[in-house]
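Here's a structure for you.
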Amino acid sequence: MAEKYPEYKGLNLPNVAKDVLDKWEAEQTFQKSIEVREGSPSFVFTEGPPSANGLPGIHHVMARTIKDIFCRYKTLAGYQVKRKAGWDTHGLPVELKVEKELGITKEDIGTKISVDEYNKACREAVMRYTDEWEKLTMEMGYWVDMDDPYITYDPKYMESVWWLLGQIYEKDLMYKGYTIQPYSPKAGTGLSSHEINQPGCYRDVKDNTCVAQFKVKPGEKVPFDQAKVDQLHLLAWTTTPWTLPSNTALTVGPKIEYVLVQTWNQYTHEPIQVILAKNLVTKQFGKKFVKVEDASSMNYQQGDKKIPYAIIGECLGADLVGIRYEQLLPYCQPHENADQAFRVIPGDFVTTEDGTGIVHTAPTFGADDAFVAKQAGVPPMLILDENENPVPLVDLQGRFRKELADPVFGLGGEYVKAEYLEEGEEEKELARQREMLKDIIADLKSYLSVDERITLKLKIENKAFNIEKYVHSYPHCWRTDKPILYYPLDSWFIKVTEKRERMVALNKKINWKPKSTGEGRFGNWLETANDWNLSRSRYWGIPIPVWTSEDKTEQICISSVEQLKSEAQKAVDAGMMDKNPLAEFVPGDFSKENYAKIDLHKNYVDEIILVSPSGKPMKREADLIDVWFDSGSAPFAQQHYPFENKELIDNGVEAFKNGTAPKGPSAFPTDYIAEGVDQTRGWFYTQHAIATLVFDTVSYKNVISNGLVLDKNGQKMSKRLGNAVDPFETLSTYGADPTRWYMITNAQPWDNLKFDLEGITEVQRKFFGTLYNTYSFFALYANIDGFTYSEADVPNRPEIDRWILSKMNSLIKDVTAAYEDYEPTKAGRLIQEFVTDELSNWYVRLCRRRFWKGDYTEDKISAYQTLYQCLETVAVLGSPIAPFYMDQLFCDLNSVCNRHTASSVHLVDLPKANEAEIDIDLEEKMDIAQKVSSMVLSLRKREQIKVRQPLQKIMVPVLDKDFARRLEDVKDIILSEVNIKEIELLEDTEGVINKKIKPNFKTIGPKYGKQMKQIAAMIGQWGAKEISEVETNGGWKGELNGEEIALDISDFEITTDDIPGWLVASEGRITVALDITITDELKSEGIARELINRIQNYRKDSGLEVMDRIKLTFDANDVVKSAIESNKEYIKNEVLALDIQYATLSENDGVLADLEEGDTRIDLVKG
RNA sequence: AGUCCUGUAGCUCAGUUGGUUAGAGCGCUACACUGAUAAUGUAGAGGUCCGCAGUUCAAAUCUGCGCAGGACUACCA
């Protein structure tokens, strides 16, 4: 047991962190914090796995601080909080990095480099920066178990993922189907949105656009009286004319207004009637056209400068739905339900910003198109190829199928985008086109793209209303630089749509911080969630565990290694394979060694051929699982569920469904997760989806989605801009505690943080500096007095002690509530306010004397105990946010007193608020004392009277008894604080006090809202007479604008604002008057105090110890001398002087005090 | 384009169920204090509460429409 509280020469927070880190390491404090809670209820935390193939940034410090705070808090609150670290290891970024390093592209995989080697490189690359991550984790004080992390490429983890997918498969929630995905024909691969959103992918391109005329079929019912069957067309715009042969529908907005326009075609000059959105008429009928009101008088000849047009009918989009039209370019028919094609359908996505308000719909090449078409039962333009498989009109190389061969325009077999042509091919094509098009274009100058030729054909056939170039942004493949296509690809999907409502319902049970993200962004997202596209044509990831026979009639989904092994054995027995690659694996043996024998990555499992029940070979589906499924599986896969730890999850699932506490240990659903808001549709979503689909539960109960960390100017941090903050440098320069404290208290976690290093300095000074000073102050005097908290708690403590204890208990209550509510910012700010304003700036300042003056009395012990309790409480409450310094503070205090057996603040129990010690009345009293003191100080300042100069009296008018009582109770505190002899409470006597009256808007408002203005005006006119009438009558009754008004006393706010003839200050309801008369007696006391101050300084400068006694010699004039004489005992007492003498001193003796009343030379010797 | 967040002093942020003088810290200026001293106190300057409209007796606060910044999702005729 230490005898003395450690005292420090200064506060070096980075060093504190280092020391405490060493201590944690030596004492295994983290492990202990979990062990001591063995048997306690568990608080389940799941770590969102970061990818270790990039370096951590300062935002990770932010995110991990938030995670850490609540895990530490819950530990203090009595829970066992296990935290497993995790690594996300699969995915495209890893692949890209490896390819870049090896200098290869995807095409080289399998040729220049084997899939084996490729995957090996990925495995190594992805864990490259784990050291840095572990270092950051340590230094920032994030407690998470890095020794036994879950890793998504681990066979056990992958096995659990397979199992989850198998459950979904068994529930018939998986299917394979076409969807429209970004596709790069030149690279031959689908692209994820991640790839499309890489910088530079969207580029402005100039495309040939076309407003096509779709002729309405004869006999169709149309909502226009003046329609002429042979002229009637629907107008639709497209920027990709090559999709027009695949058109199978036209989409209108049901609520959009459309019109019928009578006019002439600008290319064929034939009279036409066209339907388009009303808002877009002026846009489509540009310079070449002129509007005419009366259609019957219109006339037009070829060669006329302007083409007249007239609106001759109106309707809503809904009225157009169902109208059938003639196929625009009838090269092919959909192989299915062709009778359902070529009609007008409704769609909410239609806008009237561009085009015609009627959308050309090609379900094979547009996601929206596919969706609305499916809803309306319109088939996509798929035809059957040689093998009777349905295929779109464009092949995987980006070429039109041969069915589109046009005798004049070619098309069949050609690239739909000119950009796909190789060098030199264009020349050859041009020669061919010259020949083909010679009847239409005499001398063709340059190659015509597919788009250009299609529009040309439409022009000639009276099917084009307008053709022009149009600049818009279009995505390009980041690898080949060529424009992408939206193309239907065969992918595996999870039927999320089927469980959508359940996901919405379960979401309502999740406590979101902030609420709006859960209700808004996440809730809306769930309501419109589409089926989850699982397929990725990649190499480094978890393979889709589905094996299918070639004719697709037989299929198996594998859910475990054991199952795969036995299925593989069947195949070996059936002669499909020579040997079982999993022969070595022992089912049921979950040891590391056993699992080290196998690998479930693509390169291994693709070798495995299984046998179907009917004896056919089955091969694995080529694709991998979306990596988001990997991380979404974390709550289960990190436990290797259900192969191990089965009951941990099952207990939790059961408890959640029954709404009871789990029967035994439980690790699900997760109690708490926290990640960036960018995970809303990422990890937050995938976890929720998997838990809902597989277990019909939530995945997590509480979630914080935190905002971004921006630079101090509010710009996004990036390496490119050079404004990224290095987390390691920050931590080593400023220390983890102030960094964490700053991040948490400066902005709410879910708001973006403008990260400014100066803010950390401020926290360092303001909060930690003050706390350190307060501790140092305590340690200094406690060591002198030998305070070890060995005495029993002092029962009847002075007012000021009871006050700070009341505040302290309120603090415990409020901070606990804030933590419970996942509001760390509130908790931190409360603690900070308590330390700087309450404890340091008021309690310690007022009590300083009690610590260093006099003997070791009960009052002194009370002061020590009180301050000790406050410091200890702050240490515990603040430890989740500032784990290092608070641990040191706690241990420093505890090292002498041993009130706790725990060796760390992180192992103790959270203090409980003692309601009996909370005294609101007392807190209000002190509030009065603080206000009055500050007002007196401000008056002194105004009059230039130093605080050291005692004054006789202050007067405070009191308007109610409660206020008088409270003031009376704290008057000693006020008097000593502002150096005044007495306080006089002025009772209400007319004439002495000036009163002011104001209406109480809050109480009058609800009663007489309408007359509020007049009432306020009337009261504003009132003087002393009316005020006293209100006071004697206890209210006011009268008539105002013919209305009876009755106000009682509480409807008024009566305040004082002046005492005539006195120096007065007023603030809120309190008024203070100061008597500034300085009598001779006061004057001499002032001189005495002035001298004491100089002597104290001199003592200190002379290097005397606090307890040393001295002898004094003064060389002073008579005024000063008489002041000394009349305060002799007082001075001696204050400066610990044994004796006072007068003598003539030389300039070399002592110090000179330049007082107003005459310079005085002071000399002292140790006595 | 959609969804969500943010907008209050030079900067970072508070601001209760709407209630009449809109606050704090930092910074700046001036002064004071000096047994917490690389600390502290007091005072001062500094506001179109992003804009407009509405609801209301009363709007920083509620509603609508905008503007600016940010995030996510989507990218379309």
Side-chain angles (χ1 to χ4, degrees), chain A residues 10-11 182 193 196-197 202 209 236-240 243 250-251 347 349-351 353-362 366-369 472-475 486 514 516-517 519-525 528 676-682 707-708 710 712 714 716 745-748 750-754 756 758-759 761-762 765-766 769-770 772-774 776-778 780-781 825 829 832-833 836-837 840-841 844-845 848-849 851-853 934 937-938 940-942 944 946-948 998-1006 1008-1016 1093 1096-1097 1099-1100 1106 1134-1135:
Chain A
L11 179 61
S193 60
I196 300 276
N197 282 316
Y202 275 85
T209 71
W237 182 56
T238 181
T239 54
T240 51
T243 60
L250 293 171
T251 308
F349 68 95
V350 180
T351 66
E353 278 176 22
D354 297 303
T356 63
I358 302 176
V359 176
H360 147 58
T361 304
D368 278 336
D369 304 34
H472 64 145
S473 100
Y474 195 83
Y486 287 88
S516 58
T517 299
E519 284 174 357
R521 189 185 287 190
F522 194 66
N524 294 340
W525 167 253
T528 59
V677 67
D678 52 327
Q679 295 296 338
T680 307
R681 281 140 188 191
L708 301 179
L710 308 169
K712 62 178 173 182
K716 213 170 167 175
T745 55
N746 191 60
Q748 303 259 48
W750 34 90
D751 288 338
N752 290 346
L753 172 69
K754 289 180 191 162
D756 188 352
E758 277 178 42
T761 322
E762 194 182 319
R765 250 203 357 256
K766 189 91 198 149
T770 306
Y772 161 80
N773 270 332
T774 308
S776 302
F777 176 82
F778 167 83
L780 174 67
Y781 294 107
T825 308
R829 284 175 178 170
Q832 184 164 326
E833 236 164 75
T836 57
D837 297 355
S840 168
N841 193 27
V844 173
R845 189 152 60 92
R848 276 190 308 217
R849 250 183 117 75
F851 289 92
W852 52 262
K853 193 77 193 161
S934 128
L937 289 171
S938 118
R940 278 179 169 277
K941 152 88 185 157
R942 215 193 294 167
Q944 307 264 5
K946 295 180 173 182
V947 178
R948 240 180 258 129
K998 254 175 40 179
N1000 182 349
F1001 287 86
K1002 214 167 180 170
T1003 59
I1004 303 175
Y1008 302 108
K1010 300 273 179 210
Q1011 285 99 331
M1012 199 69 229
K1013 280 216 169 98
Q1014 280 112 327
I1015 294 172
N1093 163 245
Q1096 299 287 33
N1097 279 343
R1099 275 186 62 121
K1100 208 174 160 199
V1106 172
E1134 285 296 307
V1135 303

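So that the names make sense, note that chain A is the first sequence line, chain B the second, and so on, each numbered from 1.
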Option passing side chain to side chain contact (heavy atoms under 4.5 Å, CB included) with A/Gln748 (candidates A/Asp751, A/Thr745, A/Asn746)
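Looking at A/Asp751, A/Thr745, A/Asn746, the match for A/Gln748 under the side chain to side chain contact (heavy atoms under 4.5 Å, CB included) is A/Asp751.
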Using a cut-off of less than 4.0 Å, is there contact between a side-chain N or O of A/Lys1013 and OP1 or OP2 of B/rC57?
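Negative; the distance criterion is not met.
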Determine the Euclidean distance between corresponding C1' atoms of B/rC26 and B/rG66; express it in Å to zero decimal places.
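Approximately 34 Å lies between the C1' atom of B/rG66 and that of B/rC26.
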Heavy atoms only, 4.0 Å cut-off, all strands: where does A/Gln679 land among base, sugar-phosphate and nothing?
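No contact.
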CG of A/Asn752 versus C1' of B/rC4: gap in Å, rounded?
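About 12 Å, once rounded to whole Å.
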What closest approach, in Å, do A/Ala747 and A/Leu753 show between heavy atoms, and which atom pair accounts for it?
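Distance-wise, the nearest heavy atoms are CB-CD1, 4.2 Å.
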For A/Thr517, report the nucleic acid contact type (base, sugar-phosphate, nothing); a contact means any heavy atom under 4.0 Å.
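Since no nucleic acid heavy atom lies under 4.0 Å of A/Thr517, the category is nothing.
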Look through every strand shown and name the nucleotide pairing with B/rA24 as Watson-Crick or G-U wobble, where both distances are under 3.5 Å.
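Its partner is B/rU12 (Watson-Crick or G-U wobble, both distances under 3.5 Å).
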A/Gln832 side chain to A/Lys766 main-chain N or O, any donor-acceptor pair under 3.5 Å?
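Looks like no, no N/O pair under 3.5 Å.
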Sugar-phosphate, base or nothing in reach of A/Val677, heavy atoms under 4.0 Å:
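Sugar-phosphate only.
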Please tell me which of the listed nucleotides, B/rC13, B/rA36, B/rU6, lies nearest to the side chain of A/Val844?
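Given the options B/rC13, B/rA36, B/rU6, the side chain of A/Val844 is closest to B/rA36.
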Mind calculating the distance between CG (A/Asp837) and P (B/rG41) to the nearest angstrom?
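The answer, rounded to whole Å, is 8 Å.
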Does any N or O donor sit under 3.5 Å from an N or O acceptor when you compare the side chain of A/Arg765 with the base of B/rA39?
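No, no donor-acceptor pair under 3.5 Å.
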Rounded to whole angstrom, note down the C1' distance from B/rU8 over to B/rU55.
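Roughly 23 Å separates the two C1' atoms.
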Would you measure the distance from the C1' atom in B/rU6 across to the matching atom in B/rA43 and give it in whole Å?
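Going atom to atom, C1' in each nucleotide, I get 34 Å.
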Please report the distance, rounded to the nearest Å, between OH in A/Tyr781 and C1' in B/rA36.
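It works out to 8 Å between those atoms.
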So, is A/Tyr486 close to the B/rC76 phosphate, meaning a side-chain N or O under 4.0 Å from OP1 or OP2?
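Affirmative; the distance criterion is met.
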Could one point to a donor on the side chain of A/Thr680 or the base of B/rA71 with an acceptor on the other under 3.5 Å away?
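Counting by modelled atom types and ignoring angles, no donor-acceptor contact under 3.5 Å is found here.
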Determine the contact category for A/Gly759: base if any of its heavy atoms lies under 4.0 Å from a base atom, sugar-phosphate if only primed atoms, P, OP1 or OP2 are that close, otherwise nothing.
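Since no nucleic acid heavy atom lies under 4.0 Å of A/Gly759, the category is nothing.
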Within the side chain of A/Asn752, is there an N or O that forms a donor-acceptor pair under 3.5 Å with the backbone of A/Leu708?
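Indeed, once roles are kept as given, a pair shorter than 3.5 Å links the two residues.
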To the nearest angstrom, how far is A/Lys766 atom NZ from B/rA39 atom P?
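Roughly 10 Å, once rounded to whole Å.
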Protein-nucleotides 28-33 of chain B N/O pairs under 3.5 Å:
| residue | atom | partner | partner atom | Å |
| --- | --- | --- | --- | --- |
| B/rC33 | O3' | A/Arg948 | NH2 | 2.9 |

Which nucleotide, if any, forms a Watson-Crick or G-U wobble pair with B/rG18, using both distances under 3.5 Å?
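Pair assignment: B/rG18 / none.
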Testing the basics here: between A/Ile1015 and A/Tyr1008, what is the closest heavy-atom pair and its distance to 0.1 Å?
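The pair with the smallest heavy-atom distance is CD1-CB, 3.8 Å.
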Considering only heavy atoms from C-beta outward, does the side chain of A/Thr680 approach that of A/Trp525 to under 4.5 Å?
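A side-chain contact under 4.5 Å is absent here.
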Atom pair distance, as rounded to whole Å: CD in A/Glu762 and P in B/rA39:
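Taking CD of A/Glu762 and P of B/rA39, I get 13 Å after rounding.
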Have a look at A/Arg829 and say if it touches a base, only the backbone sugar-phosphate, or nothing, with a 4.0 Å heavy-atom cut-off.
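Sugar-phosphate contact only - A/Arg829 comes under 4.0 Å of backbone atoms but never of a base.
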For the P atoms, the ones on B/rC72 and on B/rC62, what distance do you get once it is rounded to whole angstrom?
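Taking atom P in both B/rC72 and B/rC62, they lie 27 Å apart.
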Listed by chain and number, what are the side chain to side chain donor-acceptor pair (under 3.5 Å) partners of A/Thr243, not counting sequence neighbours?
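Only A/Thr240, A/His360 meet the side chain to side chain donor-acceptor pair (under 3.5 Å) criterion with A/Thr243.
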Using the C1' atom as the reference point in each nucleotide, state the distance between B/rG44 and B/rU48 in Å, no decimals.
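That atom pair is separated by 23 Å.
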In Å, rounded to the nearest 0.5 Å, how long is the span from CG of A/Asn841 to OG1 of A/Thr774?
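Rounded to the nearest 0.5 Å, the CG-OG1 separation comes out at 10.0 Å.
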For B/rA71, which nucleotide in any strand shown is its Watson-Crick or wobble partner with both distances under 3.5 Å?
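Here B/rA71 is engaged in a pair, and the nucleotide opposite it is B/rU3.
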Determine the Euclidean distance between corresponding C1' atoms of B/rU37 and B/rA22; express it in Å to zero decimal places.
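Nearest-Å result for B/rA22 against B/rU37 at atom C1': 36 Å.
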Could you let me know what B/rG47 is paired to, Watson-Crick or G-U wobble, both distances under 3.5 Å, or none if it's on its own?
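Across any shown strand, B/rG47 pairs with none.
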Contact class for A/Thr209 (heavy atom, under 4.0 Å): base, sugar-phosphate, or nothing?
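A/Thr209: no heavy atom of the nucleic acid under 4.0 Å.
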Measure the distance from CH2 on A/Trp750 to P on B/rG70 and round it to the nearest whole Å.
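From A/Trp750 CH2 to B/rG70 P: 23 Å.
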So if I take every side-chain heavy atom of A/Asn746 and compare against B/rU12, B/rU40, B/rG19, which nucleotide ends up nearest?
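Selected nucleotide: B/rU12.
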Within this structure, what is the CG-to-C1' distance between A/Asn524 and B/rU3, rounded to whole angstrom?
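These atoms are roughly 6 Å apart.
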Please check the phosphate of B/rU3 (OP1 and OP2 only) for any side-chain N or O of A/Arg521 closer than 4.0 Å.
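No, no such contact exists.
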Is it true that the side chains of A/Thr836 and A/Thr770 contain a donor and an acceptor less than 3.5 Å apart?
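No, no side-chain donor-acceptor contact under 3.5 Å.
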Under 3.5 Å, is there an N or O donor on one side and an acceptor on the other linking the side chain of A/Lys1002 and the base of B/rU17?
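In this structure, the two groups form a donor-acceptor pair.
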Might you point out which heavy atoms bring A/Phe1001 and A/Met1012 nearest each other, and give the distance in Å?
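The pair with the smallest heavy-atom distance is CD2-CE, 3.2 Å.
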Grab the CD-C1' distance between A/Glu758 and B/rG25 for me, whole Å please.
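After rounding, the reported distance stands at 14 Å.
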